[in-house]
Amino acid sequence: MSTEGRIAQLEHELRLAHARFAGIVQIAADAIISVDADQNITFFNEGAERIFGWTAAEVQGQPLNVLLPARFREGHPRHVREFGGSAEHARRMGHRREISGVTKDGHEFPAEASISRHDVDGRRVYNVVLRDITDRKRIEDEHRFLAGVGEILGASLDYDLTIRGAARLAVPTLGDACTVDVIDGGSLVAFATAHVDPHEERLLLEMRSRHLPDLAGPHPLAQAVRERRTVLVDATDEVLRSLARNEEHLAMLRRLGFAAFLYVPMLVGGEPVGVLRLARARQAFAREDVALAEEFVRRLALAMDNVRLYERAQQAIRARDETISVVSHDLRNPVNAIRMIASSLLASRPAGSTVEEYLHTIADAARQCDALIQDLLDVSRIEAGRLRIDPLPSELSTLVHGAVEVLTPLAAERGIVLEADVPETLPVVLADEQRVQQVLSNLVGNAVKFTPAGGRVTVRVELGRPPAHEVVVAVADTGPGIPPADLPAIFDRYWQGSGRARRAGAGLGLPIAKGIVDAHGGRLWVESEVGRGSVFRFTLRVAGR
């Protein structure tokens, strides 16, 4: 091929490459803009036309500043000149602060941009690639908003605070004004109001307190409740007249100057429990705004349901505690009478008679009833956080030997060896002696109760390495052990165990023991192996440590 032919081919390939590049640049979704050394626009692609709303012909020769918000126009040329004089040939704009653009109609939007410079035939050319990040920033802002909403709504179990806090959260992210109304007994009850302007908020609050919609009427709020869907309304004067109850109400609505209303029902289990009303003064609600408001209301409804369930649970607990208190009080009087009469009759009857045997049975039954009453009262105090203890410096060996001595006859009757393994020297512990005796009695009593004849129950004190801050008391048995599936529930009220053939008491001993140990600042836990027995351990603090 001749020299002329090679030159012609190269020129053809260059034209093709230029055409491909120009085609790519023109159809790119991002704005691609070129400016000269004086920062006047020399190239404006189709992406830039879509983003800024200007045609290429309209901005050709215009200063780049026409695409920036007014507050940035004075300082921006200096930044470009500084970049032109630096050692950098390309820079990602916005690495120090957010970039903003402005459209032909004055709408400002967030953007990210890059700039590069080239010198061609002695002339300086700047190329800018800019992307509108409105959607991305909106999604990021929505995620941050909803994350904050979840945290704040979940921080309180107070019904009033939750709803009033929700109204405050909604302004101004969701609207310029927000009201939250709850449905009680088929009627609407005004609950919370918020407005970006405190003066207007007072007017809004006054209007709501005097003019609540009728849920059976044609109001858009009632429609949202009946149809269980969001209702969006433009606040034209005709609409305001349809919403107003009277001329005074209409005047209030006009003074507030809203442009659009949004009514979102709060649903729990598919049933409406309230309505969130949003209003905007300068712009309508876009589809994205409605979706965000609905997600906000969904979370609010969930929070309200949680609060209601918590309040019902608290009411049930209070009712239960009151019932236990009343029943325990009323039951204790006849039980004490039975015990006193049985004791008096025992003192007056000859030993060995059948009557004496019956009286002993009556007295034992009365003592068991009294112990059950005490357990019921104790577990109620523990759950309410009202269990009182008075820890004083105490000799642990005395407490352990005392518990073993009291329960030795019961163990012997069942053919079980009950023993204490206590070091000769023990540190003084902080203990409410009566309550710690109760813990030992419950743990040792359970061990004796469930250990078969020929078995062994050992109460031992385990010391850590000095200087230890606590002492461990262990109650070990050679009983059947506790199945692993039962271990997580072993300290629950009324727990009986899945593998036990008979009920053995009310199931309050272990939760009471744990409550007493917790009140001492200690820990109670169990280690068990089926077929080899169980070891219950609890800790007590060493006095002075």
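Counting non-hydrogen atoms of neighbouring residues, nucleotides and ligands closer than 6.0 angstrom, the CG atom of D184 reaches no more than 12 such neighbours. At most 12 heavy atoms of other shown residues, nucleotides or ligands fall within 6.0 angstrom of atom CD in E405. Enclosure of atom CZ in R131 is not indicated, since only 12 or fewer non-hydrogen atoms of other residues, nucleotides or ligands lie within 6.0 angstrom. No more than 12 heavy-atom neighbours from other residues, nucleotides or ligands sit within 6.0 angstrom of CD on Q434.
Aromatic ring pairs are classed by plane angle as parallel below 30°, tilted from 30° to 60° and perpendicular above 60°; the pair H195 and F258 is tilted.
Note that CD of Q437 is 9.5 Å distant from OG1 of T398, once rounded to the nearest 0.5 Å. The line from CZ of R460 to CZ of R537 is 5.5 Å long, rounded to the nearest 0.5 Å. The CZ atom of F261 sits 9.0 Å away from the CZ atom of R277 when rounded to the nearest 0.5 Å. Put simply, CG on L161 and CG on L153 are 11.5 Å apart, with the number rounded to the nearest 0.5 Å. One finds the OG atom of S156 at 11.0 Å from the CD1 atom of I163 (value rounded to the nearest 0.5 Å). Separating the CG atom in D477 from the CG atom in L418 is a distance of 11.0 Å, to the nearest 0.5 Å.
The two residues L407 and S441 have their closest heavy-atom pair at CD1-O, 4.0 Å. For the pair A447 and V475, the tightest heavy-atom approach, listed with the atom from each and the gap, is CB-CG1, 4.2 Å.
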Test L256 against E200 for side chain to side chain contact (heavy atoms under 4.5 Å, CB included), laying out the working first.
CA-CA 7 Å; L256 287 167; E200 299 298 322; 3.3 Å; yes
- Would L174 and D289 count as a side chain to side chain contact (heavy atoms under 4.5 Å, CB included) if you check the C-alpha gap in whole Å, the side-chain angles of each, and the deciding distance to 0.1 Å? CA-CA 7 Å; L174 300 180; D289 301 325; over 6 Å; no
| task | Under the side-chain hydrogen bond (donor to acceptor under 3.5 Å, both in side chains) rule, what do T193 and R208 come out as? Steps first, then yes or no, please. | result | CA-CA 9 Å; T193 302; R208 287 181 66 245; 2.5 Å; yes
- request: Applying side-chain hydrogen bond (donor to acceptor under 3.5 Å, both in side chains), run through R226 and Q223 and close with a yes or a no.
  value: CA-CA 5 Å; R226 286 194 301 269; Q223 180 186 355; over 6 Å; no
Apply side chain to side chain contact (heavy atoms under 4.5 Å, CB included) to the pair R541 and V429, showing each step before the final yes or no.
CA-CA 6 Å; R541 288 181 295 166; V429 296; over 6 Å; no
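Panel note: side chain T162, backbone M304; no donor-acceptor pair is recorded below 3.5 Å. D305 contributes no side-chain N or O that, together with a main-chain N or O of V268, makes up a donor-acceptor pair within less than 3.5 Å. Judged by distance alone, the side chain of S528 and the main-chain N or O of I482 form a donor-acceptor pair under 3.5 Å. Between the side chain of D432 and the main chain of D390, a donor-acceptor pair closer than 3.5 Å is present. N442 places no side-chain N or O within 3.5 Å of a backbone atom of L510 that could act as its donor or acceptor partner. The backbone N or O of A519 sits nowhere less than 3.5 Å from a side-chain atom of R435 that would complete a donor-acceptor pair. H219 contributes a side-chain N or O that, together with a main-chain N or O of L221, makes up a donor-acceptor pair within less than 3.5 Å.
Each of R136, E142, H143 was evaluated against E140; a single residue qualifies, R136, per the side-chain contact (heavy atoms from CB on, under 4.5 Å) test. Checked against F536 for a side-chain contact (heavy atoms from CB on, under 4.5 Å), the options V444, V439, I490, N446 give a single hit: I490.
Residues T134 and P110 have side chains in contact (heavy-atom distance under 4.5 Å, counting atoms from C-beta outward).
Classification of E294 and R298 as a salt-bridged pair fails, no side-chain N sitting under 4.0 Å from a carboxylate O. Taking 4.0 Å as the cut-off between side-chain N and carboxylate O, R138 and D141 do not count as a salt-bridged pair. Salt bridge annotation for R523-D518: absent, with no cationic side-chain nitrogen under 4.0 angstrom from a carboxylate oxygen.
The ring pair (Phe, Tyr, Trp, His ring centres under 6.0 Å) search around Y310 returns none, not counting sequence neighbours.
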